[in-house]
Number of protein chains: 2
Amino acid sequence: MSTRGRYGLRAIIDMAIHQEQGPVSLREIASRQNLSENYLEHLVASLRRGNLLNSVRGPMGGYYLARNPDSITLGEIIRILEGPIAPVECSLSQEEKCASPEDCFVHRLWQNLSREVNEIFDKRTLGDLLEDAHSYKNIEGCFKFLDKEDVEKK
Amino acid sequence: MSTRGRYGLRAIIDMAIHQEQGPVSLREIASRQNLSENYLEHLVASLRRGNLLNSVRGPMGGYYLARNPDSITLGEIIRILEGPIAPVECSLSQEEKCASPEDCFVHRLWQNLSREVNEIFDKRTLGDLLEDAHSYKNIEGCFKFLDKEDVEKK
DNA sequence: GATAAAACCTATCAAAATAGTAGGGATAGA
DNA sequence: TCTATCCCTACTATTTTGATAGGTTTTATC
């Protein structure tokens with residue numbers, strides 16, 4: 001899991017929490033999450049193109065969730081940010097990528113692992129995460145230092 | 001999953017299948033699996049240092065499994081070859097890496113994901129894989145082209 | 001003992017992926 | 001018109017990956 005997935009997830013959660021007061025701007029997110037606004041732009045652009053976010057341009061503009069948090073899975077978010085969640089490429093499709101998928105038990109192994117790992121990510125919705133987040137008194141606080149780099153910076 | 005995990009797994013399965021006739025040399029494996037002998041050396045060295053393989057030096061030497069296949073899990077193999085199976089680093093330990101693990105729900109999310117994914121890998125043993133392999137008529141054949149690169153070469 | 005087959009070790013290197021930076025549009029509220 | 005914001009593209013530095021190369025040590029066999 002690279003910074004794309006980690007920062008991007010923080011961004012979308014941050015957005016979900018703050019979007020009641022209207023679209024959330026990149027500047028706000030970058031400031032709250034202590035991330036580079038320029039870099040964040042790339043990640044949020046992916047989320048928008050992946051149809052998870054809508055945007056409003058101009059002053060007072062920003063981003064907001066395109067769908068209900070309960071209909072957005074963690075798997076969807078991560079796949080958009082990081083690409084397919086799969087151990088190896090040849091397990092991705094039934095196409096003519098692998099020489100003989102059905103004759104290859106290691107291939108089938110990768111396919112099964114891939115399916116199971118995706119299930120783990122897909123059974124969690126953004127709604128679940130938000131619910132979990134709200135059980136904390138200080139939601140902002142629990143965002144401050146999610147990553148090793150942040151701790152080192154500090 | 002990089003080539004380390006993929007090639008390394010092929011190597012250890014190949015070894016397990018052929019070790020009845022004595023230690024299996026790198027040359028044999030490299031030839032059967034169509035891999036670079038030099039590169040394979042690195043991977044097998046990791047497996048040996050990880051105490052999954054023993055070696056015999058000199059002519060007729062080679063490698064063999066240090067333990068019973070049923071006691072070696074896929075998770076163990078992959079962790080040795082690829083490093084910890086975890087979405088993000090801060091979910092690895094209870095140590096003072098993250099600022100406040102217990103106050104951070106995203107941190108807990110990573111921990112839970114990490115645990116569940118490791119379970120998927122750990123519930124499969126090398127013994128299981130071998131059993132699966134032997135259900136194929138042509139075990140050698142199903143090894144030939146496991147990876148995208150191999151198919152492209154072909 | 002000499003030869004050779006093998007494990008073992010270290011350094012180096014090219015290519016790819018990652019993590020960002022920079023700078024300039026386009027849009028729209030004030 | 002001004003400016004805050006999204007939007008887009010190009011560039012770059014660093015790190016990781018995937019090797020390659022060349023040597024040393026061990027040991028069975030002749």
Side-chain angles (χ1 to χ4, degrees), chain A residues 1-8 10-11 15 18-19 21-31 33-50 52-64 66 78 81-84 87-89 147-150 152-153, chain B residues 1-8 10-11 15 18-19 21-31 33-50 52-64 66 78 81-84 87-89 147-150 152-153:
Chain A
M1 187 83 64
S2 70
T3 56
R4 285 185 61 86
R6 307 208 304 278
Y7 296 174
R10 281 161 71 178
M15 242 171 259
H18 294 94
Q19 69 177 357
Q21 291 83 42
V24 186
S25 73
L26 279 184
R27 173 154 307 179
E28 285 178 68
I29 303 172
S31 147
Q33 299 295 327
N34 195 32
L35 298 173
S36 148
E37 195 178 330
N38 267 324
Y39 187 46
L40 206 48
E41 202 168 270
H42 290 294
L43 314 185
V44 168
S46 297
L47 292 171
R48 184 178 51 75
R49 292 194 198 100
L52 293 191
L53 299 178
N54 287 332
S55 60
V56 176
R57 299 175 73 157
M60 305 301 289
Y63 297 88
Y64 60 95
I78 299 302
L81 291 165
E82 301 266 354
V88 308
E89 269 218 48
D147 296 314
K148 211 182 62 160
E149 297 92 70
D150 295 318
E152 281 162 0
K153 271 184 214 159
Chain B
M1 186 82 63
S2 70
T3 56
R4 284 186 61 87
R6 306 208 305 278
Y7 296 174
R10 280 161 71 177
M15 241 172 262
H18 294 96
Q19 69 178 357
Q21 291 84 41
V24 187
S25 73
L26 279 185
R27 174 154 307 179
E28 286 177 69
I29 303 171
S31 148
Q33 299 295 326
N34 195 30
L35 299 172
S36 147
E37 193 178 332
N38 267 325
Y39 187 46
L40 206 49
E41 201 169 272
H42 291 292
L43 314 184
V44 167
S46 297
L47 292 171
R48 184 179 50 77
R49 292 195 198 98
L52 293 192
L53 300 179
N54 287 332
S55 61
V56 177
R57 298 176 73 156
M60 305 299 289
Y63 297 87
Y64 59 95
I78 298 300
L81 291 165
E82 301 265 355
V88 307
E89 270 220 48
D147 297 313
K148 210 184 58 159
E149 298 91 68
D150 295 318
E152 281 162 1
K153 271 184 216 159

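Because the structure is predicted, anything quoted here is derived from the model rather than measured. First the proteins, then the strands, lettered A, B, ... as listed; each starts at 1.
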Would you mind reading off the distance between [X] atom [atom1] and [N] atom [atom2], rounded to a whole angstrom?
X: A/Leu43; N: D/dC8; atom1: CG; atom2: C1'; value: 15 Å
X: B/Leu81; N: D/dA19; atom1: CG; atom2: P; value: 14 Å
X: A/Leu40; N: D/dT5; atom1: CG; atom2: P; value: 14 Å

Look only at the side chain of [X] and the backbone of [Y], and say whether a donor-acceptor pair between them is shorter than 3.5 Å.
X: A/Arg4; Y: A/Leu81; value: yes
X: A/Gln19; Y: A/Tyr63; value: no
X: A/Arg6; Y: A/Met1; value: yes
X: A/Arg10; Y: A/Gln33; value: yes
X: A/Glu37; Y: A/Ala30; value: no

Check your understanding: Looking at B/Gly5 and B/Ile78, what are the two nearest heavy atoms and their distance?
Key -> O-CD1, 4.2 Å
Revision key, fill the gap. What one should report as the nearest heavy-atom pair of B/Val56 and B/Pro23 is CG2-CG, 3.9 Å
Exercise for review: Could you say whether A/Ala45 or A/Gly61 is positioned toward the 5' end of DNA chain D, judged by the nucleotide with the nearest heavy atom to each?
Suggested key: A/Gly61
Looking at [N], I'd like to know if its phosphate oxygens (OP1 or OP2) sit under 4.0 Å from a side-chain N or O belonging to [X].
X: B/Arg48; N: C/dC8; value: yes
X: A/Arg49; N: D/dC6; value: no
X: B/Ser55; N: C/dC8; value: yes

**Study point:** The single option from B/Leu43, B/Leu26, B/Thr3, B/Leu40 passing side chain to side chain contact (heavy atoms under 4.5 Å, CB included) against B/Leu35
**Key:** B/Leu40
Check your understanding: Within the structure shown, what part of the strands sits under 4.0 Å from B/Arg27 by heavy-atom distance: base, sugar-phosphate, or nothing?
Key -> nothing
Distances under 3.5 Å between nitrogen or oxygen atoms of protein and nucleotides 17-19 of chain C:
unit_1	atom_1	unit_2	atom_2	d
C/dA19	OP1	A/Thr3	N	3.4
C/dA19	OP2	A/Ser2	OG	3.3
C/dA19	OP2	A/Thr3	N	3.3
C/dA19	OP2	A/Thr3	OG1	3.0
C/dA19	O5'	A/Thr3	OG1	3.4

Please list each protein N or O that sits under 3.5 Å from an N or O in nucleotides 21-29 of chain D, with the distance.
unit_1	atom_1	unit_2	atom_2	d
D/dT25	O2	B/Arg57	NH2	2.7

